[in-house]
Amino acid sequence: MPILSLPAARDLAEGALVRCGTARAAAASTARALVDAEADGLKGHGLSRLPAYAAQVRSGKVAGEAVPAVTRPRPGLLAIDAAHGFAYPALDAAVAGLPEAARAQGIAAAGIRRSHHCGAAGRPVEALAAEGLVALLFANTPAAMAPWGGATAVFGTNPIAFACPLPDRPPIVVDLSLSKVARGTIMAARQRGEAIPEGWALDADGRPTTDPAAALKGTMVPLGDAKGTALALMVELLAAGLTGGRFAAEASSFLDAEGEPPGTGQLLIALDAEAFGPGALRRFGALAEAITAQDGARLPGARRLALRARAAAEGVEIPDALLAEIRALAAPDGAPREHRL
């Protein structure tokens, strides 16, 4: 497979998004997020998303020229309207604004509405942890999971992410989907023409399937069975109900250019690690050391950091067909834009 350096991959992705009608700043933010996910081995949130993103800008399902609007309804709150653009500029605004508010008050939150796919959920909380904050992110996604005992999808796969700073080492980062796997993993398997393991998803008739195309038309199996759907409900209430985003069952797909903008939501919460007094970082570090001192044990995110370092040195492999598709999108003679909304 072809290998691109990270700067070359970012430039290519940004150029493709701009060519398809995305404002330069939003394209740069989105390209960084996609390539960062690719570098971390999270290919379901990486460059495989770019063709669908480009199609959505062309159709008007994503507002390519949207600029997030940030207001302060309360001293410790940021209300961010993503304006039906990509989520990444809105997430960047949250990461930029939360540290000052959290340090001033001990805790702060940012609610994002009229948003889109948030990508690798660990990325913004890791950025906040680098500022000395303990951070959580909740994001809802288009309907993909049925309530436990039901058959109709009303919850998204609804990722949750958490990051905690540590002294003298990278932060702990927990990033998980509330389905057994992220839906982007199944999308990537479909693009590669590969089967998926049984137990990940159900087809439209509620039967287990190994066909990724059938899985994308059906529902995802929740992580932890009934516990997973309870957590998905919690995320819907926090990320959409609280912020003003659309619930999963109201949102159109992230995967195609059909319909209205998804309009989903995200909630980020940031706490100053020293808000309750000094010593928290030392205690965080002591627990991390107790874990890593055990043979075979590792902190969440360790594999991601190793892959990131390798990608920085060696670049990222991109399948031939995907690279050709992105290069065609970025070409000056690419297909013209079509605006519907």
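All figures in this text were calculated on a predicted structure; none of them were measured in a lab.
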CD1 on Ile80 to OG1 on Thr243, rounded to 0.5 Å: 10.5 Å
side-chain contact (heavy atoms from CB on, under 4.5 Å) assessment of Phe86 paired with Val62: CA-CA 7 Å; Phe86 288 114; Val62 169; 3.8 Å; yes
Test item: Pro300 and Val173 side chains (from C-beta on) under 4.5 Å apart, heavy atoms: no
Which atom of Gly156 lies closest to which atom of Thr141, heavy atoms considered: CA-OG1, 3.1 Å
Any donor-acceptor pair under 3.5 Å from Glu236 side chain to Ala248 backbone: yes
Within 6.0 angstrom of Glu100 CD, more than 12 heavy atoms from elsewhere: no
Passing option when Glu38 is tested against Arg308, Arg10, Arg32, Lys43 for salt bridge (Lys or Arg N to Asp or Glu O under 4.0 Å): Lys43
Donor-acceptor contact present, side-chain Thr229 to main-chain Ala226, <3.5 Å: yes
Any donor-acceptor N/O pair, Ser29 side chain to Ala25 backbone, under 3.5 Å: no
Least distance between heavy atoms, Gly64 atom then Ala26 atom: O-CB, 4.2 Å
Joint hydrophobic cluster, Phe155 plus Val221, side-chain heavy atoms closer than 4.5 Å: no
Single-linkage hydrophobic cluster, 4.5 Å side-chain cutoff, Ile160 and Leu271 together: yes
Among Arg113, Lys61, Glu260, Arg114, side chain to side chain contact (heavy atoms under 4.5 Å, CB included) partner for His84: Arg114
Ring center gap for Tyr53 and His116 short of 6.0 angstrom: yes
Thr22 (side chain) donor-acceptor with Leu17 (main chain) under 3.5 angstrom: yes
Verdict with supporting geometry, Leu202 and Arg207, side-chain contact (heavy atoms from CB on, under 4.5 Å): CA-CA 5 Å; Leu202 308 175; Arg207 298 172 301 199; over 6 Å; no
Hydrophobic cluster membership, Ile172 vs Leu42, 4.5 Å side-chain cutoff: no
Beyond-backbone contact of Pro89 with Pro68, side-chain heavy atoms, under 4.5 angstrom: yes
Contact check, side chains of Leu299 and Arg169, non-hydrogen atoms, under 4.5 Å: yes
Distance-minimising heavy-atom pair for Leu133 and Pro99: CD1-CA, 3.6 Å
N-O pairing of Glu65 and Arg24 below 4.0 Å: no
Within one Ile-Leu-Val-Met-Phe-Trp-Tyr cluster: Leu242 and Leu237, side-chain cutoff 4.5 Å: yes
Nearest heavy-atom neighbours spanning Ala129 and Ala163: CB-CB, 3.7 Å
Lys/Arg N to Asp/Glu carboxylate O, Arg304 vs Asp175, below 4.0 Å: no
Side-chain donor/acceptor of Asp81 to backbone N/O of Ala83, under 3.5 Å: yes
Pairwise distance CG(Leu98) to CD(Glu131) - rounded to 0.5 angstrom: 10.5 Å
Chi angles and distances behind the side-chain contact (heavy atoms from CB on, under 4.5 Å) call for Arg190, Leu216: CA-CA 9 Å; Arg190 182 187 63 180; Leu216 290 171; 3.4 Å; yes
Leu178 backbone acceptor or donor facing Asn158 side chain under 3.5 Å: no
Flag if over 12 foreign heavy atoms under 6.0 Å of CZ, Arg74: no
Hphob cluster co-occupancy, Val316 + Ile326, side-chain heavy atoms under 4.5 angstrom: yes
Pairing of Arg123 and Asp36 as salt bridge, 4.0 angstrom limit: yes
Closest non-hydrogen atom pair, Val57 against Gly21: CG1-C, 3.7 Å
pair Asp203-Lys217: side-chain heavy atoms closer than 4.5 Å: no
pair Leu91-Leu137: side-chain heavy atoms closer than 4.5 Å: yes
Short side-chain to backbone donor-acceptor contact, Thr292 and Ala288, under 3.5 Å: yes
Gln266 side chain to Gly111 backbone, donor-acceptor under 3.5 Å: no
Nearest non-hydrogen partners of Pro171 and Glu126, listed with the distance: CG-CG, 4.1 Å
Asn140 side chain vs Arg246 backbone, donor-acceptor pair below 3.5 Å: yes
Separation between CZ of Phe247 and OG1 of Thr264, rounded to the nearest 0.5 Å: 12.5 Å
Interatomic distance, Cys118 atom SG to Leu268 atom CG [nearest 0.5 angstrom]: 8.5 Å
Asp40 vs Leu307, side-chain contact (heavy atoms from CB on, under 4.5 Å): CA-CA, chis, key distance, verdict: CA-CA 5 Å; Asp40 286 359; Leu307 291 172; 5.7 Å; no
Rounded distance (nearest 0.5 Å) linking atom CD of Glu274 with atom CG of Asp272: 6.5 Å
Side chain proximity check, Leu77 to Arg72, heavy atoms < 4.5 angstrom: no
pair Trp148-Lys227: side-chain heavy atoms closer than 4.5 Å: no
Test item: Thr209 and Trp200 side chains (from C-beta on) under 4.5 Å apart, heavy atoms: no
Any side-chain donor near an acceptor of the partner, Glu198 and Thr210, under 3.5 Å: no
Spacing of Leu305 atom CG and Arg310 atom CZ [to the nearest 0.5 Å]: 15.0 Å
Whether Ser115 side chain and Ile112 backbone form a donor-acceptor pair below 3.5 Å: no
